[in-house]
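Keep in mind that what you see is a predicted model, and the values were worked out from it rather than measured.
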Amino acid sequence: MINLIWAAMILVGIITALLTGHMEDVNAGIIDAGSDAVSLCITMLGIVTMWCGIMKIAERTGLMKKWSSKMSPVMRFLFPRLSPEHPAYEYMCTNIIANIVGLGWAATPPALKAMQELAKDNKGSKSASREMCVFLILNISSLQLIPVNVIAYRSQYGSADPAGIIGGGILATMASTGAAVVYVLVMQR
């Protein structure tokens, strides 16, 4: 459905440009947008690569295990049926930590691994388990202390203060994560 809406909007824009004599502006916009998209992708690729590397170093040096153990009270509260020895546990902690430090893209691979491990316990059911649902809600709400991606976008587009979003980002993601935890608690009962 979304594809149809986008296609209709593009078609209406092109027809309007043809009828009003602004087709050159449309062509210039397409070329500029393509150039901006490539430039942004290259910038984000560098940032994502660097942070994924840092996360890998933290994992290999045992720092992720140390952080995971520090998270155990929160994890026990949110996932009372999940043992710290469960294969998904460290993946889940890695995902949550990556999200907290603003590395949403670096958080995706451990989230997928965690869901694969949780699915094994689900014994082929077509419905998600309680742990899968809670983890998904927490992952979507994504508490972030440093919104790295947004800072990179703002920097790429010439913001005078790219990091000026940090305070608002912390408040917004605290609110979304708080709402997610309240939702989980209500739904558990």
Participant: Among pairs that include at least one residue of residues 175-187, which meet salt bridge (Lys or Arg N to Asp or Glu O under 4.0 Å), considering only residues two or more places apart or in two chains?
Facilitator: none
Participant: Please say whether more than 12 non-hydrogen atoms of neighbouring residues, nucleotides or ligands are located less than 6.0 Å from CE in M174.
Facilitator: no
Participant: Which other residues belong to the hydrophobic cluster containing I57, where Ile, Leu, Val, Met, Phe, Trp and Tyr are joined when side-chain heavy atoms lie under 4.5 Å apart, directly or via other members?
Facilitator: none
Participant: Would you mind writing out the side-chain donor-acceptor pairs for residues 29-42 within the sub-3.5 Å range, not counting sequence neighbours?
Facilitator:
{"unit_1": "S39", "atom_1": "OG", "unit_2": "Q156", "atom_2": "NE2", "d": "2.8"}

Participant: Going by salt bridge (charged side-chain N to carboxylate O under 4.0 Å, His left out), name the residues that satisfy it together with K120, two or more places apart in sequence or in a different chain.
Facilitator: E117
Participant: Could you pull out all residues at least two apart from R60 that satisfy salt bridge (charged side-chain N to carboxylate O under 4.0 Å, His left out)?
Facilitator: none
Participant: Determine whether M23 and I14 satisfy the following criterion, side chain to side chain contact (heavy atoms under 4.5 Å, CB included), listing intermediate values before the conclusion.
Facilitator: CA-CA 7 Å; M23 202 57 198; I14 290 173; 3.9 Å; yes
Participant: Does S125 use its side chain to pair, donor to acceptor, with the backbone of N122 at less than 3.5 Å?
Facilitator: no
Participant: Just grab all the side chain to side chain donor-acceptor pair (under 3.5 Å) pairs involving residues 78-89, residues at least two apart or on different chains.
Facilitator: S83-E85, H86-D121
Participant: Quick check: closest heavy atoms across F79 and F135, and the distance to 0.1 Å?
Facilitator: CE2-N, 3.7 Å
Participant: I166 and L145: which non-hydrogen atoms are nearest, and at how many Å?
Facilitator: CG2-O, 3.7 Å
Participant: Grab the two heavy atoms, one from A58 and one from T61, that are nearest each other, plus how far apart they are.
Facilitator: O-OG1, 3.3 Å
Participant: Looking at V12, is its backbone amide N or carbonyl O close enough to the side chain of T16 to form a donor-acceptor pair, meaning the two atoms are under 3.5 Å apart?
Facilitator: yes
Participant: For residues 37-57, which residue pairs pass the salt bridge (Lys or Arg N to Asp or Glu O under 4.0 Å) check, not counting sequence neighbours?
Facilitator: K56-E59
Participant: Output, in order, the C-alpha distance, side-chain angles, deciding distance and verdict of side chain to side chain contact (heavy atoms under 4.5 Å, CB included) for M75 and C93.
Facilitator: CA-CA 8 Å; M75 293 296 284; C93 289; 3.9 Å; yes
Participant: Quick one: side chain to side chain donor-acceptor pair (under 3.5 Å) pairs with a partner in residues 169-178, sequence neighbours left out?
Facilitator: S141-T177
Participant: Can you tell me which residue pairs pass the salt bridge (Lys or Arg N to Asp or Glu O under 4.0 Å) test with a partner in residues 140-154, sequence neighbours excluded?
Facilitator: none
Participant: Using the test side chain to side chain donor-acceptor pair (under 3.5 Å), find all partners of D25 that sit at least two apart in sequence or belong to another chain.
Facilitator: H22
Participant: Do Y157 and L45 belong together in a cluster built from hydrophobic side chains that touch within less than 4.5 Å?
Facilitator: no
Participant: In this structure, which one of I97, V134, L118, N139 forms a side-chain contact (heavy atoms from CB on, under 4.5 Å) with M92?
Facilitator: L118
Participant: Please say whether more than 12 non-hydrogen atoms of neighbouring residues, nucleotides or ligands are located less than 6.0 Å from CE in M187.
Facilitator: no
Participant: Running the 4.5 Å side-chain criterion over Ile, Leu, Val, Met, Phe, Trp and Tyr, what cluster does I15 land in, apart from itself?
Facilitator: L11, L19
Participant: Looking at N99 and L143, would you say the former's side chain and the latter's main chain have a donor-acceptor pair under 3.5 Å?
Facilitator: no
Participant: I'd like to know whether M115 forms a side chain to side chain contact (heavy atoms under 4.5 Å, CB included) with L136, so could you lay out the CA-CA distance, the side-chain angles of the two residues, the decisive distance to 0.1 Å, and finally the verdict.
Facilitator: CA-CA 9 Å; M115 283 300 208; L136 181 63; 3.9 Å; yes
Participant: What are the two closest heavy atoms between A88 and A114, and how far apart are they?
Facilitator: CB-O, 3.7 Å
Participant: K65: which residues meet the salt bridge (charged side-chain N to carboxylate O under 4.0 Å, His left out) condition with it, sequence neighbours left out?
Facilitator: E90
Participant: Can you name the nearest heavy-atom pair linking N95 to A107, along with the distance?
Facilitator: ND2-O, 2.8 Å
Participant: If you apply the rule side chain to side chain contact (heavy atoms under 4.5 Å, CB included), what do you find for L112 with Y91, and how did you get there?
Facilitator: CA-CA 9 Å; L112 295 174; Y91 290 128; over 6 Å; no
Participant: Around F77, counting heavy atoms of other residues, nucleotides and ligands shown, do more than 12 lie under 6.0 Å from its CZ?
Facilitator: no
Participant: How long is the span from the CD1 atom in I96 to the CG atom in L138, to the nearest 0.5 Å?
Facilitator: 5.5 Å
